[in-house]
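Below is one structure, written out as structure tokens; the observations come after it.
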2 protein chains.
Amino acid sequence: MRLTPVSYIILGLVRHLGEATPYALKAAAAESVGNLWTVQHAQLYTEPEKLAAAGMLTEEREDAGRRRRTYRITDAGREALDAWLHAPPEGTGETRDPGLLKLFFGADPAQLAPAEVERHERKLAQYEATMAAFGATMPQGPRLALEAGIVHQHTWLAYWRALAGAR
Amino acid sequence: MRLTPVSYIILGLVRHLGEATPYALKAAAAESVGNLWTVQHAQLYTEPEKLAAAGMLTEEREDAGRRRRTYRITDAGREALDAWLHAPPEGTGETRDPGLLKLFFGADPAQLAPAEVERHERKLAQYEATMAAFGATMPQGPRLALEAGIVHQHTWLAYWRALAGAR
DNA sequence: GGGTACATGTAATCAGTTACATGATTTA
DNA sequence: TAAATCATGTAACTGATTACATGTACCC
């Protein structure tokens, strides 16, 4: 089985949580790694199943009630995750910002900028609140990623504010 | 037909070029909008065909030799593109940086940072060379997008350099 | 006990990717 | 004229998205 970034996200989250249902993964991803790499709701159900079939996770299912599936990481999963973490990153990051794409093709900066400024202000405030509340107790990885988010939001803000001001 | 970002990229490039073969689109995308939103080689053949079927482009084909297809934008295509440009951007940008994803899940910053620094240095140098050479004559949209690329590369550089230095 | 939010899943589709295959032109 | 490169395309696959469908727990 070919592992994708989403596979590693799920392996990483399950390892961190110890055990997790798809819904727990959804919640965990939403306010952490989801800011960096979105994972679709449906994938949180289909991908763990594939990973379990490949021996990277174990799956345990309730007999009654919601018949929830609970996943745990296996040694094989841990090894795959570690191997990925130690390998150099494949490919380069992409911006993929819909607003910037429109700007490229000639959209009016003054029309785009106010909404973008507001979006980035909100995001920045959210990141900084998280940092203030949990920064001291977060594991290093997520904290560094959060810091990256913060500096980028600052960059975006300065960029769009300049476009909102200039006319 | 549902138009995707890639559809609009092709419409935008064809409008700008006046007429274009898939190969011309490939060349045009490579060093401009491709830095912002990558488009797959195969899509440059399949997507214009779909757009032509939808009446957004016209397709003209050589009878002999390479039987190249040449596309031009139609009024319907122009309208669709303008409508998209005037509509507020749907969705928010994502970072999707493989290196940062690894950092999030606990990869060693000191191991990742040097390669990342080098990557971003290269990219920044490339952007700045383009800006120096063509900045004055580029249309506003692409120039603004290029500026965004430059400020982001600066941000990334500072970020990874700090991680390379700290131990 | 009725409504609402939370939670769990599956089916179908499609955009995007990968892999394959070949033709035309240029250059040595 | 052989090799290399430029150029053009298609087929098959699959990761991701969308849409649908329903069940369970909680609160009033």
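Residue numbers begin at 1 in each chain, while the letters A, B, ... track the order of the sequences. Here the structure is a predicted model, which means the values were calculated and not measured.
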Under 3.5 Å donor-acceptor pairs involving side-chain atoms of residues 8-20 of chain B, not counting sequence neighbours:
{"unit_1": "B/Arg15", "atom_1": "NH1", "unit_2": "B/Asp82", "atom_2": "OD1", "d": "3.3"}
{"unit_1": "B/Glu19", "atom_1": "OE1", "unit_2": "B/Arg72", "atom_2": "NE", "d": "3.4"}
{"unit_1": "B/Glu19", "atom_1": "OE1", "unit_2": "B/Arg72", "atom_2": "NH2", "d": "2.4"}

Please tabulate, one pair per line, all N/O donor-acceptor pairs under 3.5 Å involving side-chain atoms of residues 105-119 of chain A, not counting sequence neighbours.
{"unit_1": "A/Asp108", "atom_1": "OD1", "unit_2": "A/Ala110", "atom_2": "N", "d": "3.2"}
{"unit_1": "A/Gln111", "atom_1": "NE2", "unit_2": "B/His86", "atom_2": "O", "d": "3.2"}
{"unit_1": "A/Glu116", "atom_1": "OE1", "unit_2": "A/Arg119", "atom_2": "NH2", "d": "2.7"}
{"unit_1": "A/Glu118", "atom_1": "OE2", "unit_2": "A/Arg122", "atom_2": "NH1", "d": "3.1"}
{"unit_1": "A/Arg119", "atom_1": "NH1", "unit_2": "B/Thr92", "atom_2": "OG1", "d": "2.9"}

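Of all the residues in residues 21-34 of chain A, not one reaches under 4.0 Å from DNA chain D with any non-hydrogen atom. Residues from residues 3-17 of chain B lying near DNA chain C, meaning a heavy-atom separation below 4.0 Å, are B/Thr4, B/Val6 in numerical order.
A search for side chain to side chain contact (heavy atoms under 4.5 Å, CB included) contacts involving B/Glu147 returns A/Tyr159, B/Met131, B/Arg143, B/Leu144, not counting sequence neighbours. Looking at residues two or more places apart in sequence or on another chain, you find a side chain to side chain contact (heavy atoms under 4.5 Å, CB included) between B/Ala54 and B/Met1, B/Met56. In this view, B/Tyr23 satisfies the ring-ring contact (aromatic ring centres under 6.0 Å, His included) rule with no residue, not counting sequence neighbours. When the salt bridge (charged side-chain N to carboxylate O under 4.0 Å, His left out) test is applied to A/Glu49, the partners found at least two apart in sequence or on another chain are A/Arg69. Every residue two or more places apart in sequence or in another chain that forms a side chain to side chain contact (heavy atoms under 4.5 Å, CB included) with A/Glu90 is listed here: A/Trp84, B/Pro98, B/Lys102. For B/Tyr127, there are no ring-ring contact (aromatic ring centres under 6.0 Å, His included) partners at least two apart in sequence or on another chain.
Phosphate proximity of D/dG9 to B/Arg68: absent, as no side-chain N or O sits under 4.0 Å from OP1 or OP2. Side-chain nitrogen and oxygen atoms of B/Arg61 include at least one within less than 4.0 Å of the OP1 or OP2 phosphate oxygen of D/dG9.
Computed from coordinates, the A/Tyr45 OH to C/dA12 C1' distance equals 19 Å when rounded to whole Å. The distance between atom CD of A/Glu47 and atom C1' of D/dA16, rounded to the nearest whole Å, is 10 Å.
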Please write out each protein N/O paired with an N/O of nucleotides 17-22 of chain D under 3.5 Å, distance rounded to 0.1 Å.
{"unit_1": "D/dT17", "atom_1": "OP2", "unit_2": "A/Gln40", "atom_2": "OE1", "d": "2.5"}

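Side-chain contact of B/Thr70 with B/Thr21: a donor-acceptor pair under 3.5 Å is absent, judged by distance alone.
Sorted by first and then second residue, the pairs that involve residues 24-35 of chain A and meet side-chain hydrogen bond (donor to acceptor under 3.5 Å, both in side chains), not counting sequence neighbours, are A/Glu31-A/Gln126, A/Asn35-A/Lys123.
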